[in-house]
Each structure stands twice: as C-alpha cells, then as structure tokens.
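Everything quoted here is computed from the prediction, not taken from an experiment.
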Amino acid sequence: MALSPALRRRLQKVRMVIMDVDGVLTDAGMYYSESGEELKKFNTRDGHGITLLHAAGIKTALVTRERTPIVTRRAAKLGIAEVHQGALDKLPVVRSILEKHGVAAAEACYIGDDVGDHEVMGYVGFAAAVADALPPIRKIAHYVARKKGGDGAVREVCDLILAARARGSSR
C-alpha cells in the first residue's frame, strides 16, 4: 500500500502502540457458555504483530472499559505489561501511560473502534481505526484498516508501523 509522505512520517515516529480491546483485538462479540463463562475471540496474527513490535523496541498497552480476566491472560501471553481495565475515561489513562514511559503524544499510536476512543484518537500522533469502527472514529483516524476488529486489523497497523520504520532507517 502506498502511504503519503505525511502518514509515513507519523508512522516512523511511533514508539508506543496503545489499543482498545473489545472491537479492536476482538470482534466486539461477547460470548457466553452455558455455565455463564464469558469468552472472547482473539486473532493470533494480531498477537504476532504485537510480538514483532516488541522485538523492534516499540512498547504496547491495552486500555479498555471492560474488566475481565481474559484480557489479563491475553496481555500476559503477549508480554503487554501496561493493561488498564475499567477505564471509563481513557484520555487521562493514556496520558499517564505516555508520561510513565517518556513517550510524547506525537510518538503514540492508538487503535480504536468506538466513541470511547474518540478523545484519545484526537490526542495521539497516529490514530488508527479498524474497518468496522463507528463512522466518527473512522473519520478522525489517520488510517482505517482494511481488516475488521479481531480479524487482523491490529496486525495490519503493526505491519505499517514496522514497514515505515524500516524505510526510514534505510535512508
């Protein structure tokens, strides 16, 4: 995919990727077993994209309104240390994460899908939306993934960031 020079510059600055969970790392579905256990579907390709970011020295974080042990387990498996659940107002949480890690807003990427992500997406240097994000979220995004949430959208964004960094370092 051909990226504009302005978008490539935004991507090259990214030092931290912060993601919503439901609708971004999952398909936004909430599944329940007969016994009432909540289940979520995560995409392994998204997980591998996060692993590739870590290998490139890019930090990651999860910020979600929900509270569930499933998110804690998935984050642990992927090596995501910054996991913030129950975040009703995400912007102060994101600001705190960036400050803690010495990352400027212009060096942060946020991947979202719903109205609770809008304010953060307007704050960071690179805002990405999944293909099935709500219209106001797609409108504010610097990039809208071709893939839906839970279906490889996070991997798509990870690959864009890594490709932009590789091109930037070869100059």
Side-chain angles (χ1 to χ4, degrees), residues 7 10-11 13-32 36-43 45-47 49-50 53 58-101 103-161:
L7 188 57
R10 284 182 186 274
L11 288 163
K13 290 180 184 178
V14 172
R15 293 180 46 221
M16 179 172 250
V17 175
I18 304 168
M19 297 154 276
D20 180 25
V21 176
D22 293 311
V24 173
L25 283 171
T26 76
D27 62 4
M30 296 219 176
Y31 306 93
Y32 294 94
E37 180 184 23
E38 183 179 350
L39 309 169
K40 293 183 185 291
K41 177 185 83 78
F42 293 93
N43 187 297
R45 290 187 183 120
D46 288 341
I50 291 166
L53 289 179
I58 298 172
K59 296 173 174 63
T60 59
L62 301 179
V63 179
T64 180
R65 293 175 65 110
E66 294 289 321
R67 283 191 186 275
T68 175
I70 298 168
V71 171
T72 304
R73 282 197 311 271
R74 184 66 177 151
K77 184 172 184 175
L78 296 174
I80 301 172
E82 289 285 346
V83 181
H84 300 267
Q85 298 191 64
L88 301 180
D89 184 358
K90 294 181 179 182
L91 185 57
V93 175
V94 168
R95 282 186 170 143
S96 175
I97 293 167
L98 295 178
E99 183 178 324
K100 175 181 174 182
H101 292 278
V103 176
E107 300 170 320
C109 166
Y110 186 87
I111 308 172
D113 73 309
D114 210 332
V115 294
D117 303 315
H118 194 275
E119 196 174 19
V120 175
M121 291 176 72
Y123 176 72
V124 297
F126 181 67
V130 298
D132 55 340
L134 294 180
I137 300 305
R138 289 195 312 265
K139 185 175 181 177
I140 196 172
H142 298 109
Y143 178 79
V144 178
R146 293 179 181 160
K147 302 274 189 178
K148 294 179 178 181
D151 194 32
V154 168
R155 175 62 182 268
E156 184 179 330
V157 174
C158 293
D159 288 348
L160 278 178
I161 293 167

- Which atom pair, heavy atoms only, marks the closest approach of Glu156 to Arg146? OE2-N, 2.8 Å
- Does atom NZ of Lys41 have more than 12 heavy-atom neighbours from other groups under 6.0 Å away? yes
- Task: Kindly determine whether His84 and Thr64 satisfy side chain to side chain contact (heavy atoms under 4.5 Å, CB included), including the steps that lead there.
- Result: CA-CA 6 Å; His84 300 267; Thr64 180; over 6 Å; no
- Short question: side chain of Arg138, backbone of Ala133 - any donor-acceptor pair under 3.5 Å? yes
- Note on the structure: Closest non-hydrogen contact found for Ala108 with Leu98 is CB-CD2, 3.7 Å
- Item | From CG (Asp151) to CG (Leu25), nearest 0.5 Å | 12.5 Å
- Query: Given Tyr110, which of Asp20, Val24, Val17 fulfils the side-chain contact (heavy atoms from CB on, under 4.5 Å) condition?
  - Reply: Asp20
- Considering all heavy atoms of both residues, which atom of Val130 and which atom of Ala153 are nearest to each other, and what is their separation? CG1-CB, 3.5 Å
- Check whether any side-chain heavy atom of Glu119 lies under 4.5 Å from a side-chain heavy atom of Met121, and answer yes or no. no
- Please confirm whether the backbone N or O of Gly29 pairs with a side-chain atom of Asp27, one donor and one acceptor, at under 3.5 Å? yes
- Could you tell me the separation between the OG1 atom of Thr60 and the CD1 atom of Ile18, rounded to the nearest 0.5 Å? 9.5 Å
- Heavy-atom closest pair (Cys109 atom, Ile111 atom, distance to 0.1 Å) is SG-CG1, 4.0 Å
- Item | Considering all heavy atoms, the nearest Ala131-Val144 contact | CA-CG1, 4.1 Å
- Task: Report the C-alpha separation of Gln85 and Leu62 in whole Å, then their side-chain angles, then the decisive distance to 0.1 Å, and conclude whether the side chain to side chain contact (heavy atoms under 4.5 Å, CB included) test is met.
- Result: CA-CA 8 Å; Gln85 298 191 64; Leu62 301 179; over 6 Å; no
- Item | CG on Leu134 to CG on Asp114, rounded to 0.5 Å | 4.5 Å
- Task: Please check if the side chain of Asp113 supplies one atom and the backbone of Ala129 the other of a donor-acceptor pair under 3.5 Å.
- Result: no
- Query: Hey, what do you get for OG1 (Thr26) to CD (Glu66), rounding to the nearest 0.5 Å?
  - Reply: 9.5 Å
- Query: Under the side chain to side chain contact (heavy atoms under 4.5 Å, CB included) criterion, do Glu38 and Met30 qualify, and how do the steps go?
  - Reply: CA-CA 7 Å; Glu38 183 179 350; Met30 296 219 176; 3.8 Å; yes
- Do the side chain of Glu107 and the main chain of Met16 share a donor and acceptor less than 3.5 angstrom apart? no
- Where the side chain of Arg45 meets the backbone of Arg155, is there a donor-acceptor pair that is under 3.5 Å apart? no
- Item | Under-4.0 Å salt bridge between Lys90 and Asp117 | yes
- Item | Cationic N near anionic O, under 4.0 Å, Asp22 to Arg65 | no
- Message: Evaluate Lys59 against Leu53 for side chain to side chain contact (heavy atoms under 4.5 Å, CB included), listing each step before the verdict.
- Response: CA-CA 7 Å; Lys59 296 173 174 63; Leu53 289 179; over 6 Å; no
- Note on the structure: Here the gap from Leu39 atom CG to Tyr32 atom OH, rounded to the nearest 0.5 Å, amounts to 9.5 Å
- Message: Using only atom types and a distance under 3.5 Å, with no angle test, would you say the side chain of Asp46 pairs donor to acceptor with the backbone of Val154?
- Response: yes
- Message: Could you tell me if the side chain of Arg74 sits less than 4.5 Å from the side chain of Lys40, heavy atoms only?
- Response: no
- Task: Check Val103 against Arg15 and note the closest heavy-atom contact, atom names and distance.
- Result: CA-NH1, 3.8 Å
- Message: Could you measure the distance from the CD1 atom of Ile140 to the NE2 atom of His118? Nearest 0.5 Å is fine.
- Response: 4.0 Å
